[in-house]
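Remarks on the structure that follows.
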Amino acid sequence: SEQAATAAKDQASHLMNAERAHLVYRDFKVTDTRTAAQRIHTAAADGGSIEVTMGIHNFGRTPAWIVEGWSQATLTSEALKCADLKKTNSAFLNPMPILPNVIDAPGTMKLRPDQWDDIISRRRTLYVFGGIKYRDIFGQEHYSGFAMRYVHPDNEFEPVCIKTHWEYS
């Protein structure tokens, strides 16, 4: 019957959703690897760095293949306008697998000492944003995006622009 066919189709759809990959950006952090001397004398900062890192976590039960991804950091002294967060060139062009229950680090963004000084003195605010398009084992494409604001001195990130940039499909 038509009702039984619809129920079977719905069940198959729910099963695919339960089994497929679910990628989410997480584990945002800022790491300052400079020595105390390098922090005081910023001209002598060779050998240390200030890095923004994030990971992609597959919460699903099956692998995902990254099709396209991008991320960007921006510093601003003005209020952030969500419409200003534009997609940049893709960073990942070759499909790469992300296994279930694995966190993979897609990239690191480096900050200059003068940029870090602006952040910790609260003259400017650090925002990171981006997105990733991936394919599941059923051949369907999905998207996961993010926009985060760095909160100093808590060394944490909080979501911003949720309606326009914190996307998931």
Side-chain angles (χ1 to χ4, degrees), residues 17 20-34 39 42 45 48-137 139-169:
N17 193 47
R20 77 171 182 86
H22 293 271
L23 298 188
V24 176
Y25 280 94
R26 62 178 290 174
D27 298 331
F28 295 86
K29 56 186 154 186
V30 174
T31 306
D32 188 348
T33 64
R34 298 175 300 164
R39 291 178 186 155
T42 56
S49 64
I50 306 142
E51 299 175 343
V52 179
T53 58
M54 67 197 81
I56 299 173
H57 189 114
N58 181 355
F59 285 98
R61 295 182 183 177
T62 56
W65 284 266
I66 295 175
V67 175
E68 178 183 19
W70 62 280
S71 59
Q72 181 175 326
T74 188
L75 290 168
T76 181
S77 56
E78 301 172 5
L80 178 76
K81 295 181 180 112
C82 295
D84 292 341
L85 301 180
K86 303 287 184 200
K87 179 180 176 181
T88 60
N89 293 332
S90 295
F92 319 113
L93 297 177
N94 296 326
M96 55 188 267
I98 305 289
L99 298 175
N101 295 311
V102 169
I103 298 175
D104 192 6
T108 299
M109 296 173 242
K110 293 190 183 281
L111 298 172
R112 295 187 319 263
D114 63 307
Q115 293 173 319
W116 183 239
D117 290 343
D118 282 351
I119 293 166
I120 62 174
S121 66
R122 296 192 172 130
R123 287 188 296 268
R124 295 197 293 173
T125 302
L126 170 66
Y127 294 92
V128 293
F129 56 98
I132 189 165
K133 188 189 305 182
Y134 62 97
R135 201 171 45 250
D136 64 23
I137 64 166
Q140 295 179 337
E141 284 193 356
H142 305 276
Y143 179 81
S144 183
F146 71 94
M148 306 290 275
R149 178 176 71 95
Y150 180 69
V151 180
H152 182 77
D154 299 338
N155 199 25
E156 294 179 359
F157 285 83
E158 64 182 20
V160 294
C161 304
I162 292 175
K163 290 182 180 178
T164 57
H165 284 82
W166 193 269
E167 303 175 63
Y168 182 76
S169 70

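Hydrogens, waters and symmetry mates are skipped; everything else that's a heavy atom, side chains included, is used. What you see is a predicted model, and the numbers here were worked out from it, not measured in a lab. In this chain, numbering begins with 1 at the start of the sequence shown.
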*Side chains of M148 and M54: does their closest heavy-atom pair fall under 4.5 Å?*
no
_I need the R34 CZ to W116 CH2 distance, nearest 0.5 Å._
8.5 Å
*Check whether any side-chain heavy atom of E141 lies under 4.5 Å from a side-chain heavy atom of V67, and answer yes or no.*
yes
*asked:* Could you measure the distance from the CD1 atom of I120 to the CG atom of N155? Nearest 0.5 Å is fine.
replied: 11.5 Å
*asked:* Counting C-beta onward and ignoring hydrogens, is there a side-chain heavy-atom pair between F129 and W70 closer than 4.5 Å?
replied: yes
*State which residue, out of T108, V30, D32, fulfils the side chain to side chain contact (heavy atoms under 4.5 Å, CB included) condition with E51.*
T108
*Close side-chain approach of I98 and L23, heavy atoms under 4.5 Å*: yes
_Nearest 0.5 Å, please: how far is OG1 in T53 from CE in M109?_
9.0 Å
*Cut-off 3.5 Å, side chains only: do D27 and H57 have a donor facing an acceptor?*
no
*From Y134 OH over to W65 CH2, what is the distance, rounded to the nearest 0.5 angstrom?*
12.5 Å
*So, for C161 and A147, which heavy atoms are closest and what is the spacing to 0.1 Å?*
CB-CB, 4.3 Å
*Apply side chain to side chain contact (heavy atoms under 4.5 Å, CB included) to F146 and V24, showing your working.*
CA-CA 9 Å; F146 71 94; V24 176; over 6 Å; no
*Between T76 and E78, do the side chains contain an N or O donor and an N or O acceptor separated by less than 3.5 Å?*
no
*Close side-chain approach of I50 and I119, heavy atoms under 4.5 Å*: no
*CA sep, side-chain torsions, deciding dist, call: D118, L75, side chain to side chain contact (heavy atoms under 4.5 Å, CB included)*: CA-CA 9 Å; D118 282 351; L75 290 168; 5.7 Å; no
*asked:* Show the nearest heavy-atom pair for residues A64 and N58, with the distance to one decimal.
replied: N-ND2, 3.8 Å
_Side chains of P153 and R122 in contact at under 4.5 Å (non-hydrogen atoms)_ = yes
*Over all heavy atoms of both residues, which pair between S49 and K110 is shortest? Give the atoms and the distance, please.*
OG-NZ, 3.9 Å
*State, with a plain yes or no, whether a side-chain heavy atom of S71 is found less than 4.5 Å away from one of V128.*
no
_Please check: side-chain N/O of Y25 versus main-chain N/O of G131, any donor-acceptor pairing under 3.5 Å?_
yes
_Could you tell me if the side chain of H22 sits less than 4.5 Å from the side chain of H142, heavy atoms only?_
no
_Interatomic distance, R124 atom CZ to D114 atom CG [nearest 0.5 angstrom]_ = 7.0 Å
